[in-house]
Amino acid sequence: METAKNKTNQALFNVVLSLADSTLILSHRLSEWCGYGPVIEQDIAMSNIALDLIGEARNFYDYAAKLEGAGKTEDDYVYFRESKDYKNLLLCEQLNGDFAHTVVRQFFFDSWHIHFLDVLRNSPDETLAAIAGKSFMEVSYHIKWSSEWVIRLGDGTEKSKQKMETALEALWPFSGELMEATEDEKILIAAGILPNFEQLKTIWMEQIMSVLTRATLEVPTGKNTVQTGGKTGRHTEYLSYLLAEMQSVQRAYPGLKW
Amino acid sequence: MDNIVDLEKHFQDRIDAEQRIEPKEWMPDAYRKTLIRQISQHAHSEIIGMLPERNWLTRAPSLNRKAVLLAKIQDEGGHGLYLYSAAETLGVTREDLLDDLHSGKAKYSSIFNYPTLTWADMGAIGWLVDGAAIMNQVPLCRTSYGPYARAMVRVCKEESFHQRQGYEIMMALCEGSEEQKQMAQDALNRWWWPVLMMFGPKDDASANSEMSLKWKIKRFSNDELRQRFVDMSIPQIEYLGLTVPDSELKWNAERGHYDFGEVNWNEFWEVVKGNGPCNHQRLETRKKVYEEGEWVREAALAYADKQQVLRESSQHVA
């Protein structure tokens, strides 16, 4: 009995950390756009989303620290772990590329995020439910933003359509990981703490299809390989560079207050 | 009242009576031109000013600092947006203004042509650069042109939060290790003089000042504001335990102000002319960003046009 409980707690810690890492890393990528947006309004919009995601990440890190009970702070997790210890989705660490890549990455993530949080709001785990409740409102705006841009760019000019097709092709393989449960996630799904991923997958696919249809775009066919591993620490080449940059000041002067 | 002399007199009477001038009203051409130049220069400064700070955004040493810095830079984008809108009320478009920026015709604040070399520069910029900006901008909340004054009220509210976040970064460094204190002092050394240059040339060398004061676009002279800034900053610097890189700085009891050394005006004019450490880099970055965004702006327009056609045809059917 005691072991089962420990196992659930360990799984919960891993999953919370994974959620924190995914939202942090995507926020970081979006913040790389700051000052570089195609128009000022969209520069501001991307910073807004980045700020919401960093806020969500901080709530998850805070909860992870409580679960671990080792007196760690959010910054300990962020600045002093290596790539292999990060548990974010591979999708989140993919390079910004052009604006089409950023929009597609965001759209895939938001389409999952919104429905994931919607169910998580009713989780028996009160902390998760509270975090989800707060972020749900924000993410309703994110999905609106990314869907609108998918449609606008898909149904804009020939050039924008082509760029969207390229981005869809490149990022599609990373979308599968959103709905692929890890061992830890399976434990929590069984315990009723996390939403059922199979149901999420159906809703996610409906969302994707409906928006892509309006955008006169198609789901890339013949690319059904799923790239996974992020949630268990096996990343693409991009993450270690992101971390090296993000952690550089802290690592150069460890143990100081900033 | 169609006589130009009468119009000008009526205009100046309204200015003297502290009344706001609104977009549709008659105004002298030179007043309009001065405002377009000043407001667009200000808008460009906000947009270019995002670049030196974004340079450290992805390396911010804590999640809290990262979030606050991102919010600050985002505010600057917002300020740029209000100011471009205020300029548009004078009959120019944002695209025209950006073209002037990219061609080098329009200027922006020279302070952003200096590099950000360490994390401490985020503190120095927030505290000193935004502090100097506030000093310049608070009087603009009462400037004679309505849309500009109203934009500045919003801008100033946010700038004081920026200044606080900058000073907090400096405080944390000055309360920290020896290396951190050195980092803070080094940043102060590099930013102090360029910040004093932000108030513009000395009054007797300032080409645009006299008319701007008469029209109440400006309310105080460059030298007055510079003095006020020095007087305000010295106690803050002392509180941090840092020193000003100016051997001539001393309190003058008779004047009730600090005396301070002469700004290197040669450097000032060189940077204005485009020869500062980062002029080329900043402008090239902006141009590249603008060019790379072109297809996005085109697509958004094309989509909006298609939607318009659809709406019109559905109305037609109905």
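Reminder, nothing fancy here: chain letters follow the sequence lines and each chain counts from 1.
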Determine the minimum heavy-atom distance between [X] and [Y], stating which atoms define it.
X	Y	answer
A:Gly35	B:Arg286	O-NH1, 3.6 Å
A:Val249	B:Pro61	CG1-CB, 3.9 Å
A:Asp75	B:Ser62	OD2-CB, 3.1 Å
B:Ala302	A:Gly156	CB-O, 3.8 Å
A:Ile40	B:Gly77	CG2-O, 3.4 Å
A:Ala50	B:Leu70	CB-CD2, 3.6 Å

Structural part of [X] lying under 4.5 Å from a heavy atom of chain B:
X	value
A:Leu24	side chain
A:Tyr79	side chain
A:Ser248	side chain
A:Ala100	both
A:Tyr253	side chain
A:Lys161	neither

Within the supplied structure, the quantity of interest is the number of heavy atoms (other residues, nucleotides, ligands) at a distance under 6.0 Å from [X] [atom1]; does it exceed 12?
X	atom1	answer
B:Tyr290	OH	yes
A:Arg251	CZ	yes
B:Gln308	CD	yes
A:Tyr241	OH	no
A:Lys159	NZ	no
B:Glu95	CD	yes

Look at the side chain of [X] and the backbone N and O of [Y], then say whether any donor-acceptor pair between them is shorter than 3.5 Å.
X	Y	answer
B:Arg297	A:Pro38	yes
B:Arg54	A:Cys34	yes
B:Gln180	A:Lys257	yes
B:Lys306	A:Asp155	yes

_Heavy-atom contact with chain A under 4.5 Å, split by part of B:Thr118_ = neither

Pairs of heavy atoms under 4.5 Å with chain B: top-ranked of [options]:
options	result
A:Met246, A:Gln42, A:Gln250	A:Met246
A:Gly154, A:Ser47, A:Ser160	A:Ser47
A:Val103, A:Val78, A:Leu51	A:Leu51

*Taking the side chain as every heavy atom from C-beta outward, state whether A:Ile54 and B:Leu63 have any atom pair closer than 4.5 Å.*
yes

*Start with the C-alpha gap between B:Val296 and A:Val39, add the side-chain angles, then the distance that decides, and say whether side-chain contact (heavy atoms from CB on, under 4.5 Å) holds.*
CA-CA 9 Å; B:Val296 178; A:Val39 277; 6.0 Å; no

_Under the criterion side-chain contact (heavy atoms from CB on, under 4.5 Å), I'd like the reasoning laid out for B:Trp295 against A:Thr157: C-alpha separation, chi angles, the key distance, then a yes or no._
CA-CA 8 Å; B:Trp295 70 271; A:Thr157 60; 5.7 Å; no

Interface residue of largest heavy-atom contact number with chain A, from [options], under 4.5 Å:
options	answer
B:Glu294, B:Gln307, B:Glu291, B:Met183	B:Met183
B:Lys288, B:Glu53, B:Arg59	B:Arg59
B:Asp305, B:Asn64, B:Ile48	B:Asn64

*For B:Arg94 and A:Glu41, run salt bridge (Lys or Arg N to Asp or Glu O under 4.0 Å): C-alpha distance rounded to whole Å, both residues' side-chain angles, the deciding distance at 0.1 Å, then the answer.*
CA-CA 13 Å; B:Arg94 201 202 296 184; A:Glu41 287 84 345; 2.4 Å; yes

*Do any of residues 157-179 of chain B come closer than 4.5 Å to chain A, heavy atom to heavy atom, and if so which ones, in number order?*
B:Ala172, B:Leu173, B:Ser177, B:Glu179

*May I have the step-by-step check of side-chain contact (heavy atoms from CB on, under 4.5 Å) for B:Met50 and A:Asp43, ending in yes or no?*
CA-CA 11 Å; B:Met50 296 169 82; A:Asp43 200 300; 3.6 Å; yes

